[in-house]
Amino acid sequence: MSEFFKQLIGQLSAIWRRLSTQQKIITSSLVGLSVLGLVTLVLWSREPAEDSGWRVLYSSLQIDEAAEITQQLDEGGYKYKLENDGRTLKVQAREVYEIRMALAREGLPKSSGVGYELFDKNNLGVTDFVQKLNARRALEGELQRTIEGLEEVKAARVHVVIPEPTIFLDEQEDPKASVVIKLSAGNTLSKNQIRGISHVVSSSVEGLKPEGISIVDFEGRLLSNPFGDDETALVSSRNMELQQNVERYFEKKVEKMMVGVLGPGKAAIQVAADLNFDQVEKTMELYDPESRVIRSEERIDENTRNAPDGDHQRERSLTNYEIDKTVEHIVREVGNVKRMTVSVAVDGRRIIGEDGKDEYVERTAEELANLEEMVKNAVGYDLARGDRISVANVKFDNDYLRREQRELREQEVWEMRMMIAKYVGLFLIAVMLILFMRYLARTIAEAMNPPVPQIEPLGPKEEETVEVPDEVRAQNELLERVEMMTREEPVNIAAIVRQWLREPVPGSRNK
């Protein structure tokens with residue numbers, strides 16, 4: 001293999017030496033431009049990436065966890081880099097999985113908390129206080145792992161306070177807990193999820209009520225219900241939440257209808273619902289004096305015989321009547337709609353005028369009336385309870401939206417042009433490379449097979465007229481005759497030549 005490369009280098013060197021100075025300059029320039037174009041295209045088309053050879057092992061580490069992990073890496077002889085104030089740890093790309101498994105065997109990182117694995121080992125001589133403390137730590141760690149299992153939660157910390165039991169019931173305090181949550185980027189927790197976290201924690205600790213749990217995020221904002229034990233405030237908060245849900249429900253119904261009729265972004269809807277939160281329970285008894293029903297009837301017949309005053313017969317009857325009565329037990333549900341107000345702002349139409357510009361055209365009264373009728377049917381309009389529906393034509397200020405759309409279109413056009421330029425550049429580089437290879441092949445062929453120089457005849461050119469001496473002319477004529485006779489009478493000429501060969505040369509001796 002080395003001999004092959006030596007021969008190849010020798011041949012290339014020989015070809016290079018055969019090239020002229022101009023050919024060397026052109027060849028070097030084409031090779032340099034081709035390499036530069038390919039490198040530029042590769043760097044242009046490549047997406048930004050991380051440092052070559054380094055990959056993120058862990059990010060968003062706590063300082064104590066980063067210290068423990070770097071200590072293990074130092075002991076293992078691994079190379080690493082710290083970034084983002086020591087919270088991001090990078091290692092060699094080929095060692096990332098090996099390092100993760102090695103750290104997992106050591107129980108690192110510990111951000112997921114410590115659970116019931118604390119009791120996997122039997123520790124003799126542990127006091128009752130330490131045992132209770134470990135039990136609480138394990139419970140907090142398990143709750144932390146459960147909360148971190150939510151998709152929106154990135155990290156969590158749980159603190160549980162369990163008071164010591166006492167023999168006096170009036171002095172017994174309820175357990176309390178606090179949960180600190182760090183959300184993932186761009187995620188939020190809904191109220192149902194917050195209530196679910198509260199119930200998970202309260203169900204895991206004996207005697208803990210959801211009102212005794214505080215949930216905050218890493219920015220210190222309270223996520224759980226702030227009213228706690230105040231029942232009145234808690235009921236008011238729930239009523240307000242119910243009212244907001246009802247208003248959003250009707251807004252979505254009207255918005256869906258308006259989008260189907262007018263198109264997106266053509267209407268703004270606002271609903272104000274007045275709900276009745278009075279819980280009424282009443283019992284009514286109604287009597288109908290016009291109606292009588294026989295409830296019971298008693299008849300007594302008496303016959304008397306051989307009496308002093310003679311025989312006689314007496315009849316007596318007793319009838320009891322019941323008046324018709326109606327008993328009604330009415331329980332009115334909480335949250336009925338008492339009054340509703342709906343405001344709808346509708347944008348006008350935009351048409352292209354004769355000059356090619358957009359012109360604003362307001363909605364007609366008939367169109368607004370039809371839209372108002374549709375809104376009434378959508379929300380269940382009731383005149384008896386005082387509902388009000390307002391549909392008005394308003395010119396929307398969409399300058400910002402149009403500017404954003406224009407910039408977005410310009411960005412898309414720019415990206416399209418850059419993509420086309422990229423492919424055109426790649427095509428031109430490919431064409432240049434093909435032309436260069438063709439030129440290089442032709443140059444090498446010419447260098448390896450140089451043209452044969454033309455040799456001019458030694459005799460005089462046809463254009464020149466040279467005077468020939470008579471002796472030379474006679475010799476030429478004699479030679480022409482001999483040549484002609486040789487062709488015509490080869491046998492006789494051969495005999496003459498043999499005769500000449502037999503004749504002795506003058507001045508020689510016969511031996």
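By convention here, the first residue in the shown sequence is residue 1.
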Nearest heavy-atom neighbours spanning Gly207 and Asp174: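 Shortest heavy-atom contact: O-CB, 4.4 Å.
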Taking every non-hydrogen atom, the tightest pair across Ala273 and Gln243: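 So the two residues come closest at O-NE2, 2.8 Å.
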For Arg403, all residues meeting side chain to side chain contact (heavy atoms under 4.5 Å, CB included), sequence neighbours excluded: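 Partners of Arg403 by the side chain to side chain contact (heavy atoms under 4.5 Å, CB included) criterion, ordered by chain and then number, come out as Tyr400, Arg406, Glu407.
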Residues forming a side chain to side chain contact (heavy atoms under 4.5 Å, CB included) with Ala177, sequence neighbours excluded: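 With sequence neighbours excluded, Ala177 shows a side chain to side chain contact (heavy atoms under 4.5 Å, CB included) to Val160, Val201, Leu208, Ile213, given in chain and number order.
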Determine whether a donor-acceptor pair (N or O, by modelled atom type, separation under 3.5 Å) exists between the side chain of [X] and the backbone of [Y].
{"X": "Asn245", "Y": "Glu241", "value": "yes"}
{"X": "Ser203", "Y": "Val200", "value": "no"}
{"X": "Arg363", "Y": "Asp347", "value": "yes"}
{"X": "Ser224", "Y": "Ile215", "value": "yes"}
{"X": "Glu148", "Y": "Ala156", "value": "yes"}
{"X": "Tyr381", "Y": "Val375", "value": "no"}

Distance-only donor-acceptor check, side chains Gln72 and Glu68, under 3.5 Å: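 On atom types as modelled, these side chains do not qualify, holding no pair under 3.5 Å.
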Considering residues at least two apart in sequence or located in another chain, which fulfil the side-chain hydrogen bond (donor to acceptor under 3.5 Å, both in side chains) criterion with [X]?
{"X": "Arg350", "result": "none"}
{"X": "Tyr80", "result": "Asp74"}
{"X": "Asn192", "result": "Arg195"}
{"X": "Asp387", "result": "Arg385"}

Carboxylate-amine/guanidinium contact Arg349 Glu367, below 4.0 Å: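 Salt bridge flag = yes for Glu367 with Arg349.
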SB check Glu219 Arg221 (cutoff 4.0 Å):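 Salt bridge present between Glu219 and Arg221.
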Residues Glu142, Arg145; criterion salt bridge (Lys or Arg N to Asp or Glu O under 4.0 Å); working and verdict: CA-CA 5 Å; Glu142 294 295 333; Arg145 292 174 179 176; 3.5 Å; yes
Do [X] and [Y] touch side chain to side chain, with heavy atoms closer than 4.5 Å?
{"X": "Phe250", "Y": "Met340", "answer": "yes"}
{"X": "Glu152", "Y": "Ser184", "answer": "no"}
{"X": "Lys79", "Y": "Trp54", "answer": "yes"}

Single hit among Val344, Val271, Ile269 for side-chain contact (heavy atoms from CB on, under 4.5 Å) with Glu255: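 Per the side-chain contact (heavy atoms from CB on, under 4.5 Å) rule, the option paired with Glu255 is Ile269, out of Val344, Val271, Ile269.
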Worked check of side-chain contact (heavy atoms from CB on, under 4.5 Å) between Val346 and Val394: CA-CA 6 Å; Val346 181; Val394 179; over 6 Å; no
